[in-house]
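Following: one structure in structure tokens, then a few remarks.
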Amino acid sequence: MAARQPFTDSDTADEAVRATCDDATTCKRFASSKGYWKDPYIQYFVRSVGERKAPEINRGYYARVRGVNNLLDKFVRKTDCNCQIINLGAGLDTTFWRLKDENLMPKKYFEVDFPTVVARKIHNIKTKPPLSKPLIETHSSDSLLLDGHSLDSDRYCIIGLDLRDVVTLDEKLRRFQLNPELPTLLLSECVLVYMNPAQSSKLLHWAAETFHTAMFINYEQANMVDRFGQVMVENLRRRQCNLAGVEACRSLDSQKERFLQTGWEHADALDMMTVYGLLPQDDLARIESLEFLDEKELLQQLLQHYCICWANKDKLRLGLSQLSF
């Protein structure tokens, strides 16, 4: 019998990172319940709306969801749905179900996260018909491939593994019919920052090497060198959440540079304050009327310390470099 491995600091750090999945899902559940955006599926992953979240947190999540969806949907439309999506560190995200409802389904939608997170998500999908039915409707045979840490259907696949293990990532995605020839969108939200620079560079390089026509959307911290950024880092560290990759979050330029140095042809980045201002004005007016915001300066500081960075390679000349806000 194998000796039990000692519990290490890295195990504690990984557990803290996994806990951020619950934080994000709970915040999204609350904001959608207040009417910031519609998400009829998140209730099946988080039953309770939970305690009240501050208005600046709700508006921050609104900007994040709308901003990421804006670029993701433009990519899918640009390819006429003839593409695949890989959501890295997907957590309890509901994008697959939204895309199906909006007739924006890619050829296949992949999700990857820690095995424990994936096991929970698979359990929810299996036991909640509103989640499982769309998978069955888009699947051609009678049975889904299903085990404790992976689920595979014709159009949706979820895989449990550590993203720092790029060799296993590549092997498992290919086993579940990843097609490197297809235009591919890769998505990560507050994921790369928990890897050290060598690990995240390896992942970005793998993606650039594997797909000749691709776009990578990364939502993450930025402008982290000032006092506000230092306080954010310290607060997370107190929760045993170490931002091992914060070096790439120094500025918008450092975010773009990490892609340009790992084989991507073109990169753009905007802080979330700018993204917020570029979202449709009528919808902004609607959500700003939902709750009174006393701490306008705090919202501005928060949004200035997150960004969306997007990079592309475009061998098929689809015009990916024109995709923007």
Side-chain angles (χ1 to χ4, degrees), residues 20 24 60-76 78 83 85-91 93 95 112 163 183-211 213-226 228-229 232-233 236 243-279 300-314 318-325:
T20 64
Y61 271 93
Y62 168 83
R64 170 179 174 171
V65 168
R66 285 282 189 250
V68 168
N69 287 352
N70 179 303
L71 289 175
L72 186 150
D73 293 0
K74 282 176 179 170
F75 178 89
V76 174
K78 180 67 89 170
C83 63
I85 295 175
I86 308 171
N87 191 334
L88 301 166
D93 185 75
T95 300
V112 186
L163 288 168
T184 302
L185 180 111
L186 299 106
L187 169 64
S188 66
E189 299 182 51
C190 294
V191 171
L192 303 180
V193 72
Y194 294 112
M195 303 179 183
N196 68 44
Q199 291 163 341
S200 61
S201 290
K202 200 171 174 186
L203 181 62
L204 297 183
H205 187 260
W206 164 81
E209 286 281 293
T210 304
F211 308 106
T213 302
M215 182 172 176
F216 200 120
I217 302 172
N218 182 41
Y219 170 86
E220 202 164 61
Q221 291 86 344
N223 302 319
M224 293 292 279
V225 291
D226 64 9
F228 191 88
M232 284 171 67
V233 171
L236 282 161
L243 299 185
V246 76
E247 189 62 29
C249 305
R250 291 173 63 81
S251 65
L252 296 179
D253 284 340
S254 65
Q255 283 283 8
K256 291 187 283 191
E257 199 57 36
R258 76 188 322 181
F259 285 96
L260 298 173
Q261 288 178 349
T262 50
W264 295 83
E265 292 165 4
H266 184 268
D268 280 302
L270 293 174
D271 70 52
M272 294 309 294
M273 191 69 212
T274 306
V275 170
Y276 187 84
L278 291 171
L279 295 173
Q300 192 169 344
Q301 284 184 307
L302 273 170
L303 293 177
Q304 284 169 345
H305 286 82
Y306 284 89
C307 74
I308 293 178
C309 181
W310 65 103
N312 67 68
K313 294 180 63 189
D314 197 4
L318 300 176
L320 298 182
S321 62
Q322 294 155 23
L323 298 183
S324 188
F325 289 92

### Task
Just jot down the side chain to side chain contact (heavy atoms under 4.5 Å, CB included) partners of V68, sequence neighbours excluded, or say none.
L187, E189, Y219, I308
### Task
Can you see which heavy atom on D314 is nearest to which on L318, and at what distance?
OD1-N, 2.8 Å
#### Entry: Stepwise side chain to side chain contact (heavy atoms under 4.5 Å, CB included) check, S251 with V225
CA-CA 8 Å; S251 65; V225 291; over 6 Å; no
### Closest non-hydrogen atom pair, H305 against M224
O-SD, 4.3 Å
## Note on the structure
In short, salt bridge (Lys or Arg N to Asp or Glu O under 4.0 Å) pairs touching residues 254-270 with sequence neighbours left out are E220-R258, D253-K256
### Least distance between heavy atoms, N223 atom then Q304 atom
ND2-O, 2.8 Å
### Task
Provide the closest heavy-atom pair for A63 versus Y276 in the form atom of the first, atom of the second, distance.
CB-CD1, 3.9 Å
### Summary
Taken in chain and number order and not counting sequence neighbours, the residues that satisfy side chain to side chain contact (heavy atoms under 4.5 Å, CB included) with S324 are W310
### Task
Give the intermediate values and the outcome of side chain to side chain contact (heavy atoms under 4.5 Å, CB included) for residues K78 and M215.
CA-CA 12 Å; K78 180 67 89 170; M215 182 172 176; over 6 Å; no
### Query
Rounded to the nearest 0.5 Å, what separation is found between the CG atom of N218 and the CG atom of L192?
4.5 Å
### Message
Considering only residues two or more places apart or on different chains, which pairs with a residue in residues 65-74 satisfy salt bridge (Lys or Arg N to Asp or Glu O under 4.0 Å)?
### Response
R66-D283, D73-R98
### Message
Using side chain to side chain contact (heavy atoms under 4.5 Å, CB included), reason through V76 and I85 one step at a time and then give a plain yes or no.
### Response
CA-CA 9 Å; V76 174; I85 295 175; 4.0 Å; yes
### Task
Keeping the roles fixed (side chain from S254, backbone from R250), state whether a donor-acceptor pair exists under 3.5 Å.
yes
### Query
Distance from C83 atom SG to F75 atom CZ, nearest 0.5 Å?
5.0 Å
### Message
Let me confirm one number: the CG-CZ distance from L320 to F216, rounded to the nearest 0.5 Å.
### Response
14.5 Å
### Query
Out of curiosity, F228 CZ to Q301 CD, how far, rounded to the nearest 0.5 Å?
5.0 Å
#### Entry: Non-neighbouring partners of C307 that pass side chain to side chain contact (heavy atoms under 4.5 Å, CB included), sequence neighbours left out
A222, L252, Q255
### Query
Is the side chain of K313 donor-acceptor paired with the backbone N or O of F211 at a distance under 3.5 Å, no angle test?
yes
Cut-off 3.5 Å, no hydrogens considered: what does the side-chain donor-acceptor table look like for residues 201-209, sequence neighbours left out?
from : atom 1 : to   : atom 2 : distance (Å)
S201 : OG     : P197 : O      : 2.9
W206 : NE1    : D170 : OD1    : 2.8
W206 : NE1    : T210 : OG1    : 3.1

